[in-house]
There are 2 protein chains.
Amino acid sequence: MNACSVRLQIFLQLQAVNKELCSKFESCLGASPSRIEILHYLLQHEEVTQSALQGEVNIDAAAVTRHLKQLEAAGTIVRYKKANDQRATWVKLEEEAKRHIQQSFHEKSQFVDETLAGFSDAELEQFLQMLSKVSENVSLVTKKQLGGENHEPNV
Amino acid sequence: MNACSVRLQIFLQLQAVNKELCSKFESCLGASPSRIEILHYLLQHEEVTQSALQGEVNIDAAAVTRHLKQLEAAGTIVRYKKANDQRATWVKLEEEAKRHIQQSFHEKSQFVDETLAGFSDAELEQFLQMLSKVSENVSLVTKKQLGGENHEPNV
DNA sequence: CGTCAATGTTTGATACGTCAATAATACAGT
DNA sequence: ACTGTATTATTGACGTATCAAACATTGACG
C-alpha cells in the first residue's frame, strides 16, 4: 500500500480485472475468451489459414491447433488443405454453427456492455487509448531488453 | 472491426495487454506475476496464514499451496503451525530471501514504470479508477446472473 | 536431382490455474 | 464426551497456455 504506489496498483489491478473478466465471461457464456476470439475472427473472415489466425488472436500456434481440433471434432468448423500448398491448413466455420454463433454473439455483447457500464463514450475512447499505450510500452520494454543481471529461479 | 465497436475492442485489448504484460514480465523478471504478488505481499506482512494470503492475491487456494510448497523447497519461505490452531499454516519469508527480494523489487518497479511511461499522474489515477470500475461492474454481472439460456459446449 | 533453408502444423514436456473431493482440526450444542 | 458443522490445507483430475522439438511440404540453388 506504499512505495511503487499507483503504478504498481495499476499493474495488480490489471491482472485482477482480467482474471475476473475471464472467469465471469466463461461462466456466463460457456466458452473461454480465447475460443471466442477465434470464433469472432472466423465469423468475420470466412476462410483463413491457421497461421494467419494465430497471428491475429494472440495465442501460441500449439494452442490454436488444439482449439481447432476440438472445434472440428464438435462440428463447429471444417479444416482442409489446398492443392497449391499442402502445408497450410485452412479453417472455415460450418454454416450451421455460423448462425448459431451470431446469435450467441448478441448475448456476448450484452456481457461486454455491462462490464463497461457507466463509462461515457469519451471515457471509453480514452480507456482504449490507455490500454493501447501500455501495450506499446510493453513491446518497447522487450526491445530494450531491460538489463537482465539477476535471473535466479525463485526470486 | 465493426459492431460492438469500442467496447469489444476494449475487451480484447484488455486481454491482449494482460497477456503481453505477463509474458514480458516473466521473461524480464524470472518469476510469474502470481508468484511476485505472493512475494510482494509477504514482503509487507512478515507473517501470514495461507488463507489470508489467498484472500489477498486473487488465486485459488490450491494454487497458493503449490506455489508455497515450491517456495519452501527453494528455501525462500518457511511454513509452520501455531499452537492455538493446528489447521492454519503460517508463512514467512526467510531473512536472506527477504533482502534478495527487496533488491529484485527495485528492478520490478522499473519494469512497471516503463510499461506506464508517458502517463501523467492524473492519467494514472484515472486509469486505476477505470480498472476498478470495471472490476466492480464485473462482480455486479455475476450477481445479476445474466440470463443463461444458451449453454452448449462449443459456441 | 539432392540438399538446404523456410514455412506451417503438430506433438510432448511442463507450468499454472480451476474445481471437487478429502483430511485434519476446531468448536458449539446437546 | 459425542456429534455435526465450519475452517484450513492438500490432493487429484482436468483444461489450457507456453516452449522446444519433430515433421511434412515447399522452393531455391548448385
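Side-chain atoms are counted along with the backbone in the values below, which use heavy atoms only and exclude waters and symmetry mates. Not measured: the values here are computed from a predicted model.
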* When all nucleic acid strands are considered with a 4.0 Å heavy-atom cut-off, which category describes B/S34: base, sugar-phosphate, or nothing? ->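 Touches sugar-phosphate only.
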
* When all nucleic acid strands are considered with a 4.0 Å heavy-atom cut-off, which category describes A/T89: base, sugar-phosphate, or nothing? ->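 Since only primed, P, OP1 and OP2 atoms lie under 4.0 Å of A/T89, the category is sugar-phosphate.
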
To the nearest Å, give me how far apart [atom1] ([X]) and [atom2] ([N]) are.
X     : N      : atom1 : atom2 : value
A/K69 : D/dG15 : NZ    : P     : 15 Å
A/N84 : D/dA24 : CG    : C1'   : 16 Å
B/L68 : D/dA9  : CG    : P     : 9 Å
B/D85 : C/dA24 : CG    : P     : 16 Å
A/I36 : D/dA17 : CD1   : P     : 12 Å
A/K19 : D/dA17 : NZ    : C1'   : 14 Å
A/N18 : C/dT18 : CG    : P     : 13 Å
B/D60 : C/dA15 : CG    : C1'   : 15 Å

* Which residue lies more 5' along DNA chain D, comparing B/S23 with B/T49 via nearest heavy atoms ->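 Comparing both residues, the 5'-ward one is B/T49.
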
* **Residue mapping more 5' on DNA chain D - nearest nucleotide basis, A/Q86 or A/A63** =>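 That would be A/A63.
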
* Asked: Is any side-chain N or O of B/R66 under 3.5 Å from a base N or O of D/dG12, one able to act as donor and the other as acceptor?
  ->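 Yes, a donor-acceptor pair under 3.5 Å.
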
* To do: Decide yes or no, distance alone: a donor-acceptor N/O pair under 3.5 angstrom between the base of D/dT7 and the side-chain of B/R87.
  =>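 When only heavy-atom distances are counted, B/R87 does reach the base of D/dT7 through a donor-acceptor pair under 3.5 Å.
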
[X] side chain near [N] phosphate (N/O to OP1/OP2, under 4.0 Å):
X     : N      : value
B/S51 : D/dT7  : no
B/R79 : D/dT8  : no
B/Q50 : D/dT10 : yes
B/H67 : C/dG17 : yes

* **Between CD1 on residue A/I10 and CE on residue A/M130, distance to nearest 0.5 Å** =>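 Result: 8.0 Å between the selected atoms.
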
* **From OG (B/S135) to CD (A/E20), nearest 0.5 Å** =>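 Atom-to-atom, B/S135:OG and A/E20:CD are 3.5 Å apart.
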
* Asked: Under 4.5 Å between side-chain heavy atoms, hopping through other hydrophobics if needed: is there a path connecting A/L124 to A/L14?
  ->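 A/L124 clusters together with A/L14.
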
* Single-linkage hydrophobic cluster B/L53~B/W90, side-chain heavy atoms < 4.5 angstrom ->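 Not linked; separate clusters.
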
* To do: Check the pair A/E136, A/K133 against salt bridge (charged side-chain N to carboxylate O under 4.0 Å, His left out), reporting the backbone distance first and the verdict last.
  => CA-CA 5 Å; A/E136 208 181 301; A/K133 176 99 188 171; 5.4 Å; no

* Asked: Given that both distances must come in under 3.5 Å, which nucleotide forms a Watson-Crick or G-U wobble pair with C/dC27?
  ->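 Per the H-bond distance test, D/dG4.
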
